[in-house]
Amino acid sequence: MGAETGPDGALAAAAPRLGLEDVDVQRLGLAALRLVRVIEQGDIGALWDAASALVRTSVSREAFVASLTTQRRALGRGAGRRWSAIRIDRPRPGGTLPPGTYAMLEFSSRLGEGSVSFRERVTLCLEDDGVWRLTGYQAQPD
């Protein structure tokens, strides 16, 4: 195989690429689902311990645990959960997120005693060690 060249015939810079062909989407979805279950089980401190550097430097462990505990207690346990979407993205420079590769996974969920329909979103960041780590979780009524 030869080197790729640009439109002017010069050698193209070997920029790192990350597309869906580079991501095990099924495995990423299962990991996000496990994280949601950890939140439901209340082991949120362990979740913070394993979260991305972005999370651990932007919010204290105590505040993280308190926030997610309060949010999940109000929502109740999941009665059904279906993976509905995934988005892999690299934010533009100068945005609110640090540079990197992020995955947002969305689940259609039924939460609480009344089985109210919600959208749960788990956001992960691919860190320098090649591990996808939690950067965010939210649940909003459908």
Side-chain angles (χ1 to χ4, degrees), residues 1-7 10-142:
M1 286 193 153
E4 291 186 36
T5 59
L11 286 178
R17 289 183 34 207
L18 183 74
L20 285 180
E21 69 276 3
D22 301 319
V23 176
D24 185 341
V25 175
Q26 185 70 24
R27 188 172 174 191
L28 201 55
L30 291 172
L33 186 57
R34 279 193 309 272
L35 292 173
V36 171
R37 288 184 180 144
V38 168
I39 293 169
E40 276 188 332
Q41 293 166 358
D43 198 6
I44 298 168
L47 196 59
W48 186 90
D49 295 339
S52 70
L54 176 64
V55 169
R56 290 181 285 115
T57 58
S58 65
V59 64
S60 72
R61 187 178 198 272
E62 294 76 22
F64 180 85
V65 170
S67 174
L68 273 181
T69 299
T70 301
Q71 181 182 9
R72 286 304 307 181
R73 189 174 296 135
L75 297 175
R77 291 185 91 41
R81 191 170 276 118
R82 185 178 51 86
W83 181 23
S84 58
I86 183 171
R87 178 178 173 179
I88 309 290
D89 199 12
R90 285 190 172 152
R92 296 185 190 275
T96 58
L97 290 173
T101 303
Y102 296 84
M104 189 280 299
L105 296 101
E106 185 174 278
F107 298 91
S108 295
S109 306
R110 303 203 69 53
L111 303 176
E113 289 185 29
S115 289
V116 178
S117 184
F118 276 82
R119 287 181 191 217
E120 288 181 291
R121 290 185 182 101
V122 176
T123 306
L124 306 170
C125 178
L126 181 61
E127 296 205 326
D128 292 339
D129 61 0
V131 176
W132 289 92
R133 291 198 169 84
L134 180 72
T135 57
Y137 168 82
Q138 73 179 127
Q140 296 178 321
D142 229 355

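Not measured: the values here are computed from a predicted model. Nothing fancy with the numbering, it's 1 onward along the sequence.
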Item to check | N/O donor-acceptor pair under 3.5 Å between Thr57 side chain and Ala53 backbone | outcome: yes
Next on the checklist: Within this structure, what is the CZ-CG distance for the pair Arg37 and Leu47, rounded to the nearest 0.5 Å?
Outcome noted: 14.5 Å
Item to check | Among Leu97, Thr123, Val122, the one residue meeting side chain to side chain contact (heavy atoms under 4.5 Å, CB included) with Thr135 | outcome: Thr123
Next on the checklist: Between the side chains of Asp49 and Arg56, is the shortest nitrogen-to-carboxylate-oxygen separation below 4.0 Å, so that they form an ion pair?
Outcome noted: no
Next on the checklist: Under a 3.5 Å threshold, yes or no: a donor from one side chain and an acceptor from the other, between Gln140 and Arg121?
Outcome noted: yes
Checklist entry - Do the side chain of Trp83 and the main chain of Ala85 share a donor and acceptor less than 3.5 angstrom apart? => result yes
Next on the checklist: Restricting to non-hydrogen atoms, name the atom on Arg110 and the atom on Ser117 that form the minimum distance, rounded to 0.1 Å.
Outcome noted: NH1-CB, 3.2 Å
Item to check | Student check: side-chain heavy atoms of Val116 and Leu111 closer than 4.5 Å | outcome: no
Checklist entry - Are the side chain of Thr101 and the backbone of Leu126 linked by a donor-acceptor contact shorter than 3.5 Å? => result no
Item to check | Evaluation steps, side chain to side chain contact (heavy atoms under 4.5 Å, CB included), between Ser109 and Arg119 | outcome: CA-CA 6 Å; Ser109 306; Arg119 287 181 191 217; over 6 Å; no
Item to check | side-chain hydrogen bond (donor to acceptor under 3.5 Å, both in side chains) partners for Tyr137, two or more places apart | outcome: Arg72, Glu120
Checklist entry - Hey, are the side chains of Pro99 and Arg90 touching, using non-hydrogen atoms and a 4.5 Å cut-off? => result no
Checklist entry - Can you name the closest pair of heavy atoms from Leu134 and Val55 and give their distance? => result O-CG2, 3.4 Å
Checklist entry - Hey, what do you get for CD1 (Ile86) to CZ (Phe107), rounding to the nearest 0.5 Å? => result 9.0 Å
Checklist entry - If you measure from CH2 on Trp132 to SG on Cys125, what distance do you get to the nearest 0.5 Å? => result 7.5 Å
Item to check | Note, Ile39 side chain near Thr69 side chain (heavy atom, < 4.5 Å) | outcome: no
Checklist entry - Considering all heavy atoms of both residues, which atom of Arg61 and which atom of Ala46 are nearest to each other, and what is their separation? => result NH2-N, 3.9 Å
Next on the checklist: Show the nearest heavy-atom pair for residues Pro98 and Pro91, with the distance to one decimal.
Outcome noted: O-CG, 3.9 Å
Item to check | Non-hydrogen atoms of Phe118 and Ala139 that approach each other most closely | outcome: CD2-C, 4.1 Å
Checklist entry - Are Arg81 and Glu40 close enough for a salt bridge, meaning some N to O gap below 4.0 Å? => result yes
Next on the checklist: I'd like to check Val38 versus Ile44 (side-chain heavy atoms, cut-off strictly below 4.5 Å). Are they in contact?
Outcome noted: no
Next on the checklist: Strictly distance-based, threshold 3.5 Å: is any side-chain N or O of Asp129 a donor or acceptor partner for the main-chain N or O of Val131?
Outcome noted: yes
Checklist entry - Hey, what do you get for CG (Leu35) to CG (Leu30), rounding to the nearest 0.5 Å? => result 11.0 Å
Next on the checklist: Looking at Asp142, I want to see if its CG is surrounded by more than 12 non-hydrogen atoms of other residues, nucleotides or ligands under 6.0 Å.
Outcome noted: yes
Checklist entry - What distance separates Leu68 CG from Thr70 OG1, expressed to the nearest 0.5 Å? => result 9.0 Å
